[in-house]
Amino acid sequence: MKKSVKRSIIAISIMLACMSLAIIMVGCDKVDKKLQSMQNSVSYYSDTMMVGEDNNFYVELVSGSRESALIADGEVGEMTAYSTLNVTPVGLDMTNRACTYKITGENGEIEGGLEKNILGISYNASISDLSKIGKVDKLFIIVGENTFEYTLTSIMEKGIDYKKAVESVYNNCSSDLEGMFDGKEFKCEIYTKISCDRSKDPKQYFWFVNIVENSDNMFCVLVDMQTGEIVAKKHR
């Protein structure tokens, strides 16, 4: 091969490599640093939610990550994993009853008591070692001599995750977010929680996104979990 041809091939190869690098750099520039900072400021979120229901109870098994000490100070502190079992009586005859639970999985089972929520009729339990039983198989609610069995289904596969919910708020509530950024850095913290409208058939699930600058300044947004649409918003 002639030297002139070889030099031409080398030059073209270098040019193509530079073009590829330029394309990659342009792609990197398109990352929205403000959105990224906002998504990194979430101090409470769920990444798993499984539900079940019959004529006795509606149950939710929720896992995610949250601040070790939940303080509404506008800053994200040290994070820790959590799992919570929420149980809501469907019939009045199941209210104000002593309840326990058992969760079975591929590697074992967990059981414990349920505490009544002082603000309503529901019960809940904090589960610190859910991961040790592996994939969840069944949930049992025990009331006296009666045991109610539930096969739980995940709702996370049918809708957006918490980061997409935050992105929807970022894209659709820009005027409400004015003053919450210092340049491209988000200077508040965000709590995201899944809520369910059980009056609908089928049930509707939403992301409740609470943006906290401090305990006196909050911006709350309800995001449709399936479509990502903003349902409601309010400053408080």
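Donor-acceptor pairing under 3.5 Å is recorded for the side chains of S43 and E189. With no hydrogens or angles considered, a side-chain donor-acceptor pair links Y150 and D54 at under 3.5 Å. Judged by distance alone, the side chains of Y170 and D32 do bring a donor and an acceptor atom under 3.5 Å apart.
Evaluation of the ring pair (Phe, Tyr, Trp, His ring centres under 6.0 Å) test over residues 215-236, restricted to residues two or more places apart or in two chains, returns F219-H235. Listed by first then second residue, pairs satisfying side chain to side chain donor-acceptor pair (under 3.5 Å) with a partner in residues 133-146 read K138-E149, K138-T151, not counting sequence neighbours.
Ionic pairing of K203 and D197 is not present here: no N-O contact between side-chain nitrogen and carboxylate oxygen is shorter than 4.0 angstrom. Under the 4.0 Å criterion applied to side-chain N and carboxylate O atoms, E185 and K33 are not assigned as salt-bridge partners. Taking 4.0 Å as the cut-off between side-chain N and carboxylate O, K132 and D129 count as a salt-bridged pair.
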Please walk me through it: do Y123 and N117 pass side chain to side chain contact (heavy atoms under 4.5 Å, CB included)? CA-CA 5 Å; Y123 303 85; N117 189 331; over 6 Å; no
Passes side chain to side chain contact (heavy atoms under 4.5 Å, CB included), V223 versus V231? Steps please. CA-CA 6 Å; V223 182; V231 177; over 6 Å; no
Step by step, work out the side chain to side chain contact (heavy atoms under 4.5 Å, CB included) result for E67 and M79. CA-CA 4 Å; E67 281 185 308; M79 301 287 284; 4.1 Å; yes
Going through the checks in order, is the ring-ring contact (aromatic ring centres under 6.0 Å, His included) test met by Y82 and Y44? CA-CA 10 Å; Y82 76 89; Y44 188 105; 5.1 Å; yes
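Legend: residues meeting side chain to side chain contact (heavy atoms under 4.5 Å, CB included) with D47, ordered by chain and number and at least two apart, are Y45, S63.
In this structure, V90 is not a member of the same hydrophobic cluster as L139, with clusters built from ILVMFWY side-chain heavy atoms closer than 4.5 Å. The hydrophobic cluster containing F181 also contains V76, counting ILVMFWY residues as joined when their side-chain heavy atoms lie under 4.5 angstrom apart, directly or transitively.
In this structure, the side chains of M50 and E60 stay at 4.5 Å or more apart for every pair of heavy atoms. Under the 4.5 Å side-chain criterion, counting only non-hydrogen atoms from C-beta, D73 is not in contact with V212. The closest side-chain heavy-atom distance from V51 to L152 is not below 4.5 Å. When side chains are defined from C-beta on, I194 does not count as touching V62, because their heavy atoms never get closer than 4.5 Å.
Summarising the geometry, atom CE belonging to M180 is positioned 13.0 Å from atom OG belonging to S37; distances are rounded to the nearest 0.5 Å. Going from atom CD1 of I211 over to atom NZ of K233 covers 10.5 Å, rounded to the nearest 0.5 Å.
At least one test fails for K193 against the ring of F208: distance under 6.0 Å to the centre or angle within 45° of the axis.
The two residues G113 and Y101 come nearest to each other via the heavy atoms O-CE2, 3.7 Å.
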